[in-house]
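I have placed the structure first, in the form of structure tokens, so that the comments after it can refer back to it.
No experiment lies behind these values; they were computed from the predicted model shown. Below, read A as the first sequence line, B as the second, and so on, with proteins coming before strands; counting in each chain starts at 1.
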Number of protein chains: 2
Amino acid sequence: MNMDKTVRDPDMPPNETSDISKARLRAWLQILKVSRKIEGELREKMRLEFGSTLPRFDVMAALYRSRDGMRMSELSSALMVSNGNVTGIVDRLVTEGMLVRVPVENDRRASIVRLTEAGEKDFAERALVHEGWVSELFSDLSASDADALIRILRTVYHHNEAHHD
Amino acid sequence: MNMDKTVRDPDMPPNETSDISKARLRAWLQILKVSRKIEGELREKMRLEFGSTLPRFDVMAALYRSRDGMRMSELSSALMVSNGNVTGIVDRLVTEGMLVRVPVENDRRASIVRLTEAGEKDFAERALVHEGWVSELFSDLSASDADALIRILRTVYHHNEAHHD
DNA sequence: GAAATTTATTTCAAGCATAAAATATTTGGG
DNA sequence: CCCAAATATTTTATGCTTGAAATAAATTTC
């Protein structure tokens, strides 16, 4: 683990920043640029092809993985978004007939959300198309670069997981 | 340039996807995960330390680079967001006294947005602190990994720039 | 030079996202 | 049992974001 993050070069004036710091900032700005570009492309395709949105796709994806359904709180922590946010997205998906809320035995506070049959069918189709879009948007990414990218980003992610010190 | 993106292995059933396609999807999901995590951390810091937001920071950053100011349309294309979006953010920054709108000579449709003196001063301070936050969040990222990341993401970005075919 | 088109910006409606407050229910002492 | 604390979820207020429509001014075309 890098422990140098707060150590300053004594030769450096306090209003300047190190080269490594600038390299990391550039890396972050590049991540941001790519993720916004790709997200924008995917959002547009979702809207035009399916009349839907990425957040709804994400909720359905999480539920597709756990066929028994999930609680609202499980959903919001799996997707790393706020509780209130999930409430709204689930509401819309219920209206569309993609999801149902099922009461939980012995806990009247909670409810479990599940894909309907229609929701499952729709998602299965959309997921395949979605993977095709992503593969096309990333068609210049070789297998080895994909692996390198994943490795590097995992290190970054794990460093920032939980442990708010 | 990879031209294979639409070629399917004839041995593969049409409802399955290739390994490279799955690797690219994993890479994309990892990018998304990291960028959301980091963006969340930075948003919180911005709010707590400066009572401000990332979109406002981004607008001020763009204007800091071009001291003569920018038109609304220049701003929105530099930040790659919609015109209407910029209108709202600029409105708030004007209210805060960070920005001014200056009419353009010979074109009464347009206006130029500039940082005020206070805006310039505030941004200079915030930018340094911001760089420190980023460097800390990415403190596990070595110089060589930062370079590798930037190189890989640049290829992805350039492939998706403009040329909507 | 009037009409049609293009360009620059704003407004609008809808959805996404957060933080904080509110509501409802369950659980854990005393 | 009662009540305080914890838990699950929704509601509210605010801001960001988009796409589309509206407004206004400049440019082009006839």
* To do: Answer with base, sugar-phosphate or nothing: what part of the nucleic acid does A:Arg56 contact at a heavy-atom distance below 4.0 Å?
  => sugar-phosphate
* Asked: Are OP1 or OP2 of D:dG15 and a side-chain N or O of B:Thr53 less than 4.0 angstrom apart?
  -> no
* Donor-acceptor side-chain pairing of B:Arg24 and A:Ser135 below 3.5 angstrom -> yes
* Using whole Å, report how far CD of B:Glu105 lies from P of D:dA26. => 11 Å
* Asked: Run the side-chain contact (heavy atoms from CB on, under 4.5 Å) check on A:Leu93 and A:Leu115 step by step: do they pass?
  -> CA-CA 9 Å; A:Leu93 285 168; A:Leu115 285 173; over 6 Å; no
* Could you give the CG-to-C1' distance, from B:Leu48 to C:dA20, as a whole number of Å? -> 13 Å
* Asked: B:Ile89 side chain: which of D:dA25, D:dT17, D:dT10 is closest?
  -> D:dT17
* Earlier contact from the 5' end, DNA chain D, for A:Gly88 and A:Gly40 -> A:Gly88
* Does A:Arg47 make a side-chain N or O approach to OP1 or OP2 of D:dA20 shorter than 4.0 Å? -> yes
* Structure fact -> A:Ser73 and A:Asn83 have their tightest heavy-atom pair at CA-OD1, 4.3 Å
* Quick one: is the NZ or CZ of A:Arg67 closer than 6.0 Å to the six-membered ring centre of A:Tyr64, and within 45° of its axis? -> yes
* Just to confirm, is there a sub-4.0 Å distance from OP1 or OP2 of C:dT9 to any side-chain nitrogen or oxygen of B:Thr87? -> no
* **Value in whole Å for how far the P atom of C:dT9 lies from CG of B:Asp107** => 8 Å
* To do: Look at the side chain of B:Arg101 and decide which nucleotide, out of D:dT9, C:dT10, C:dA8, has an atom nearest to it.
  => C:dT10
* Asked: Of the nucleotides C:dT10, C:dT9, C:dA24, which has the atom closest to the A:Arg109 side chain?
  -> C:dA24
* To do: With the side chain of A:Val81 defined as its heavy atoms from C-beta on, choose the nearest nucleotide among C:dT18, C:dA8, C:dG15.
  => C:dT18
* Asked: Would you say A:Asn85 reaches C:dT18's phosphate, i.e. side-chain N/O to OP1/OP2 under 4.0 Å?
  -> yes
* Asked: Quick one: is the NZ or CZ of B:Arg126 closer than 6.0 Å to the six-membered ring centre of B:Phe50, and within 45° of its axis?
  -> yes
* Let me know the distance between CG of A:Asp91 and P of C:dA17, rounded to the nearest Å. => 14 Å
* Could you check how far CG of B:Asp58 sits from P of D:dG15, rounded to whole Å? => 17 Å
* To do: Would you kindly compare A:Asn106 and A:Pro55 by the position of their nearest DNA chain C nucleotide and give the one closer to the 5′ end?
  => A:Pro55
* **Whole-Å distance separating the CD atom of A:Glu39 from the C1' atom of D:dT18** => 13 Å
* Please work out if A:Leu54 contacts a base, only the sugar-phosphate, or nothing of the nucleic acid, heavy-atom cut-off 4.0 Å. => nothing
* To do: Work out which heavy atom in B:Gly97 is nearest to a heavy atom in B:Thr116; give both atom names and the distance.
  => O-OG1, 2.7 Å
* Is B:Ser82 touching bases, backbone alone, or none of the nucleic acid, heavy atoms closer than 4.0 Å? -> base
* To do: Mind calculating the distance between CE (B:Met80) and P (D:dG19) to the nearest angstrom?
  => 14 Å
* Grab the CZ-P distance between A:Arg108 and C:dT23 for me, whole Å please. => 18 Å
